Amino acid sequence: MQMRAIILAAGQGLRLGPVTANSPKCLVDLGGTTILSHQLDNCERAGLDEAVVVTGAFATAVDEEIRRWQGEASRRIRVRTLYNPFFDTANNMISLWAARAVMDTDFITINGDNVFDWRILARLAGHVGTPITVTIDAKDGYDEDDMKIVLRDGHIRAMNKQIPLAEANGESIGIMKFTGAGRQLLFDELEAMARLSSWASEWYVQAVERIAVRGEGVGTMVVDELTWAEVDYPEDLEIARARFAELAGMVHHA
């Protein structure tokens, strides 16, 4: 079975301040490469067949970065883009809704601000379990901006940022897999949410939360020791750059 990545890279990332004044978040420099090129490297190394990048803000610059990446070396993975015209008025639920035509094979969603060890993708691609798999991490404490999870008996009971800190026992890292019936479950939920009056303010994780709460085949994969970071604020970028340097060092010495 083929495995496709859908990278949600339409946002500008205004919370990063001047870093994204003239460039989208996915093109932020990690130290020799951009977030997007790092993600494409990971998709290729993990053995995925194709990456579909959903663009929006500064779409032309993103197209140029993809062409640059493709010209760097002989690439095995196919890369193409889809444009989300609502990028400046809606959250990422609409970016994934805009990609519903490419949900015809199993796929992994990646938020455009994720920095991570390529082995997370490789493990997730090979993970056998429920139709929808949410990659999660556990830590000693959580903050208000974490995509927190309440897990009971191995099942997701809630997944959102509003969960009280004391109730959280996991965090979604922003990477999920949809296989078989899971693709249709997501498709149907996105269609339903796109019809809500609140469509512009919805996040796609809310679609997965709604499916999980109904008990319709959402499981988890813990990333354990593998490194990851997400970039929302300037302080996050410094953490992501440090973790990318660690990952780059590991690849160099492998």
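None of the values given here were measured: they were computed from a predicted structure.
Here Leu96 contributes atom CG and Met176 contributes atom CE; the two are 9.5 Å apart, rounded to the nearest 0.5 Å. Here the CD1 atom belonging to Ile7 is positioned 12.0 Å from the CG atom belonging to Leu82, to the nearest 0.5 angstrom. Atom CD in Glu202 sits 8.5 Å away from atom OG in Ser197 (nearest 0.5 Å). In this structure, the separation between SG on Cys26 and CD1 on Ile35 is 7.5 Å, given to the nearest 0.5 Å. The CD1 atom of Ile173 sits 9.5 Å away from the CD atom of Glu230 when rounded to the nearest 0.5 Å. Remark: Asn91 CG to Gln206 CD distance equals 8.0 Å, nearest 0.5 Å.
Between Pro234 and Leu237 there is no side-chain heavy-atom pair separated by less than 4.5 Å. In this structure, the side chains of Val223 and Ile136 stay at 4.5 Å or more apart for every pair of heavy atoms. Residues Leu226 and Phe116 are not in side-chain contact: their nearest non-hydrogen atoms beyond the backbone lie 4.5 Å or more apart. Within the 4.5 Å cutoff, side-chain heavy atoms of Ile211 are placed close to those of Ile132. Using a 4.5 Å heavy-atom threshold, the side chains of Val79 and Trp69 count as touching. Residues Trp199 and Ile94 form a side-chain contact, since some pair of their non-hydrogen atoms from C-beta on lies under 4.5 Å apart. Using a 4.5 Å cut-off on side-chain heavy atoms (C-beta onward), Leu247 and Thr227 make contact. Residues Val213 and Glu209 meet the side-chain proximity criterion, which asks for heavy atoms closer than 4.5 Å.
Hydrophobic clustering, with ILVMFWY side chains joined whenever heavy atoms are under 4.5 angstrom apart, keeps Val54 apart from Tyr83. By the criterion of side-chain heavy atoms lying less than 4.5 angstrom apart, applied directly or through intervening Ile, Leu, Val, Met, Phe, Trp or Tyr residues, Tyr142 is not grouped with Val150; the two fall into different hydrophobic clusters. Under the 4.5 Å side-chain heavy-atom criterion for Ile, Leu, Val, Met, Phe, Trp and Tyr, Ile175 and Val115 are members of distinct hydrophobic clusters. Val208 and Leu190 fall within a single hydrophobic cluster, where Ile, Leu, Val, Met, Phe, Trp and Tyr side chains are chained together by heavy-atom contacts under 4.5 Å. Linking Ile, Leu, Val, Met, Phe, Trp and Tyr whenever their side-chain heavy atoms come within less than 4.5 Å leaves Val222 and Trp228 in two separate clusters.
Taking each heavy atom of Ser172 and Ile149 in turn, the nearest pair found is N-CD1, 3.6 Å. Asn169 approaches Ala138 most closely through the heavy-atom pair O-CB, 4.3 Å. Closest non-hydrogen pair, Asp49 versus Gln2, comes out as OD2-CA, 3.2 Å. Considering every non-hydrogen atom in both Phe178 and Arg183, the closest pair reads O-CG, 3.6 Å. What you find for Lys161 and Lys148 is that their closest heavy atoms are O-NZ, 2.7 Å. Of all the heavy atoms in Ile110 and Ala5, the pair that sits closest is CD1-CB, 4.2 Å.
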Stepwise, does the salt bridge (Lys or Arg N to Asp or Glu O under 4.0 Å) test hold for Asp224 with Arg119?
CA-CA 11 Å; Asp224 292 320; Arg119 291 173 293 179; over 6 Å; no
Using the rule given for side-chain contact (heavy atoms from CB on, under 4.5 Å), can you reason through Leu27 versus Val62, listing the C-alpha separation, both sets of side-chain angles and the distance that settles it, and then say yes or no?
CA-CA 7 Å; Leu27 298 189; Val62 177; 4.3 Å; yes
Carefully, step by step, assess Val52 and Thr81 under the rule side-chain contact (heavy atoms from CB on, under 4.5 Å).
CA-CA 5 Å; Val52 176; Thr81 62; over 6 Å; no
Working note: Arg78 + Glu44, criterion salt bridge (Lys or Arg N to Asp or Glu O under 4.0 Å); need CA distance, chi angles, decisive distance, verdict.
CA-CA 9 Å; Arg78 302 183 301 273; Glu44 182 162 75; over 6 Å; no
In sequence, state the C-alpha distance, the side-chain angles, and the governing distance for Ile156 and Val134, and then conclude on side-chain contact (heavy atoms from CB on, under 4.5 Å).
CA-CA 9 Å; Ile156 295 175; Val134 179; 3.9 Å; yes
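With Lys177 contributing its side chain and His127 its backbone, the two residues share a donor-acceptor pair below 3.5 Å. Remark: side-chain polar atoms of Asp188 are not paired, donor with acceptor, to backbone N or O of Leu185 under 3.5 angstrom. Asp117 contributes no side-chain N or O that, together with a main-chain N or O of Ile120, makes up a donor-acceptor pair within less than 3.5 Å. The backbone N or O of Ser201 sits nowhere less than 3.5 Å from a side-chain atom of Ser198 that would complete a donor-acceptor pair. The backbone N or O of Thr20 lies less than 3.5 Å from no partner atom in the side chain of Ser23, so there is not a single donor-acceptor pair. Side chain of Asn42 to main chain of Arg45: no donor-acceptor pair is present (N/O by atom type, distance under 3.5 Å, no hydrogens or angles). In this structure, the side chain of Thr130 does not engage the main chain of Val218 through any donor-acceptor pair within 3.5 Å.
The number of heavy-atom neighbours closer than 6.0 Å to CZ of Arg76, taken from other residues, nucleotides and ligands shown, is above 12.
Of the listed residues (Asn92, Val205, Val231), just one forms a side chain to side chain contact (heavy atoms under 4.5 Å, CB included) with Asn111, and that residue is Asn92. The only option from Glu191, Arg100, Met103 that meets the side chain to side chain contact (heavy atoms under 4.5 Å, CB included) definition with Leu186 turns out to be Met103.
For the pair Arg157 and Glu167, the salt-bridge criterion is not met [side-chain N within less than 4.0 Å of a carboxylate O]. Salt-bridge annotation for Asp236 and Arg243: absent, with no side-chain N of the basic residue lying under 4.0 Å from a carboxylate O of the acidic one. Ion pairing between a basic and an acidic side chain is recognised when a charged N comes within 4.0 Å of a carboxylate O; Arg80 and Glu50 show such pairing. Using a cut-off of 4.0 Å between Lys/Arg side-chain N and Asp/Glu carboxylate O, Arg15 and Asp113 are scored as not salt-bridged. Ionic pairing of Arg123 and Glu225 is present here: one or more N-O contacts between side-chain nitrogen and carboxylate oxygen are shorter than 4.0 angstrom. Salt-bridge check for Arg68 with Glu64: failed, with every basic side-chain N at 4.0 Å or more from each acidic carboxylate O. Of the charged side-chain nitrogens involved, at least one lies within less than 4.0 Å of a carboxylate oxygen, so that Lys25 and Asp232 count as a salt-bridged pair.
Geometric assessment of Arg4 against the ring of Phe107 yields a negative cation-pi assignment under the 6.0 Å and 45° thresholds.
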